[in-house]
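Comments concern the structure below.
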Amino acid sequence: MSIRRKSCLGKNDDLARSNSIMKRVSNRSEKKSFKVVVVGAAGVGKSALTVRAKTRKFIHDYAPNMESRVSFVSNIDEESVNVEVWDTAALQTAESEKLEEKIKWADAYILVYSITDAASLSALVASKCLINLYAKKRKKSVTSSGGSNGFLVALVGNKNDMKHERMVTEETGRVFAEVHECTHFFELSTRESYDSVKTVFESLYKAYNLRSPKHSIKHSPKSSTLPIAIPYEVSETALIQAARHRDRKRTTITLDLDTTKLSPVTFRKITEATSLSSSSPDEDTHHFIGEEIIFDSPEDIRQSQRRITLAAPPVAPKKSVDYFSLRRQRKSGVTVSHYKDSNNNGTSSGSN
Ligand SMILES: Nc1nc2c(ncn2[C@@H]2O[C@H](COP(=O)(O)OP(=O)(O)OP(=O)(O)O)[C@@H](O)[C@H]2O)c(=O)[nH]1
């Protein structure tokens with residue numbers, strides 16, 4: 001068996017290249033739009049947070065149950081972003097069509113509770129369920145072209161200037177965020193800090209930007225990339241499928257980290273885990289980031305399956321997650337792509 005491994009780039013180079021490509025792509029385009037829905041029980045500070053983000057000012061009093069839609073331009077990472085915010089006082093009481101409309105409209109969600117009101121945190125369980133329900137439908141229509149993977153949801157514990165009246169600890173908030181699969185968690189005081197409010201919007205936008213299909217790394221027209229669900233290792237089925245479709249003796253399989261499909265947290269965990277693995281003395285253990293592996297025969301592919309494993313699992317996923325992409329190129333100009341669908345766990349292939 002002869003397997004040649006060609007290291008295209010060092011891991012850091014590769015990540016830097018990805019970032020710079022994303023930056024270049026993003027700089028080219030005009031003002032971006034980013035839509036956010038703010039959800040939460042009455043009196044938690046939704047309007048205050050929304051107005052703070054827009055005007056930088058903290059305004060004490062608002063008409064209760066006031067629903068508003070505001071927009072403002074924010075400079076995030078040297079980009080001019082048109083942020084639209086729907087402050088949904090009525091989210092939990094309006095008829096379901098309205099809820100659906102609001103949830104589908106948004107690119108990201110901010111769930112607000114007050115640290116002085118435990119019930120305001122519990123009330124968010126229902127809101128998160130609705131987001132899961134309706135955003136999933138939206139996701140289906142958006143992701144056919146490889147868009148976002150999951151919803152961006154920031155849980156915000158507001159009013160932390162009122163520590164003497166605290167009913168929800170920071171830890172409780174953080175655990176709630178994890179259990180309910182929120183992508184971000186913040187505890188802050190809208191009253192005391194404009195910067196922390198800005199950080200909420202910035203963090204969501206940055207995560208959104210990474211997932212946006214427009215910011216995907218462009219591959220050559222002779223190749224295509226489809227997601228493959230391989231949390232820790234390349235599945236044997238996928239490799240054998242790849243081998244079956246080969247029409248040349250040499251098959252090149254490039255497996256690289258598709259940063260556009262990762263949440264920032266997962267991305268960080270993976271990069272941390274793999275930098276640990278790069279110092280691993282075990283030469284048989286191999287990680288893929290920035291590497292191209294050339295196989296000379298299907299037999300090589302099958303045999304190498306045992307050797308191609310991430311040294312340290314990035315995170316133990318609760319369910320199958322699209323961490324990587326498998327791209328297969330043939331010099332004939334025809335591209336066959338294989339992917340394992342993380343929803344039905346089947347392996348598929350297609351050609352173009
Ligand atoms: N101490 C303190 N008070 C806050 C903070 N944020 C908002 N408030 C106050 O909380 C009260 C309710 O704020 P709103 O922004 O109206 O709350 P809301 O969630 O929009 O309320 P509804 O419109 O009724 O759904 C107001 O008196 C605000 O001044 C904060 O960070 N700290």
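First listed ligand is number 1; within each ligand, the first listed atom is number 1.
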Hey, does Gly43 come in under 3.5 Å of ligand 1, counting only N/O atoms on both sides?
yes

Joint cluster assignment, Ile115 & Val125, ILVMFWY side-chain distance < 4.5 Å:
yes

Any atom of ligand 1 sitting under 4.0 Å from a heavy atom of Gly40?
no

Return a yes/no value for Lys159: is any of its N or O atoms, backbone included, closer than 3.5 angstrom to an N or O of ligand 1?
yes

Using 4.0 Å as the upper bound for N to carboxylate O, is an ion pair formed by Glu170 and Arg174?
yes

Could you tell me how the ring of Phe185 sits relative to the ring of Tyr113: parallel (under 30°), tilted (30 to 60°) or perpendicular (over 60°)?
parallel

Nearest heavy-atom neighbours spanning Leu155 and Gly173
CD2-O, 3.3 Å

Applying a strict 4.0 Å limit to heavy atoms, is Ala41 in contact with ligand 1?
yes

Before you tell me yes or no, could you show the steps for Glu187 and Lys163 under salt bridge (charged side-chain N to carboxylate O under 4.0 Å, His left out), namely the whole-Å CA-CA distance, both residues' side-chain angles and the distance that decides it to 0.1 Å?
CA-CA 11 Å; Glu187 203 183 80; Lys163 292 201 170 73; 5.7 Å; no

I'd like the name of whichever of Ala48, Ser47, Gly157 reaches closest to atom 7 (C) of ligand 1 through any heavy atom.
Ala48

Within the 3.5 Å criterion, strictly below it, is a donor on Thr50 or Ser47 matched to an acceptor on the partner's side chain?
no

Considering only heavy atoms of Lys46, which atoms of ligand 1 have at least one such atom less than 4.0 Å away?
15 (O), 17 (O), 18 (P), 19 (O), 20 (O), 21 (O), 22 (P), 25 (O)

Return yes or no for this condition: an N or O of Val44 is under 3.5 Å from an N or O of ligand 1.
yes

Side-chain donor-acceptor pair under 3.5 Å between Asn160 and Ser189, yes or no?
no

Considering the heavy atoms of Ser189, write down every atom of ligand 1 situated less than 4.0 Å from one of them.
31 (O)

Quick one: which of Val38, Asp161, Asn158 has a heavy atom closest to atom 2 (C) of ligand 1?
Asp161

What part of Met162, side chain from CB on, backbone N/CA/C/O, both or neither, has a heavy atom under 4.0 Å from ligand 1?
side chain

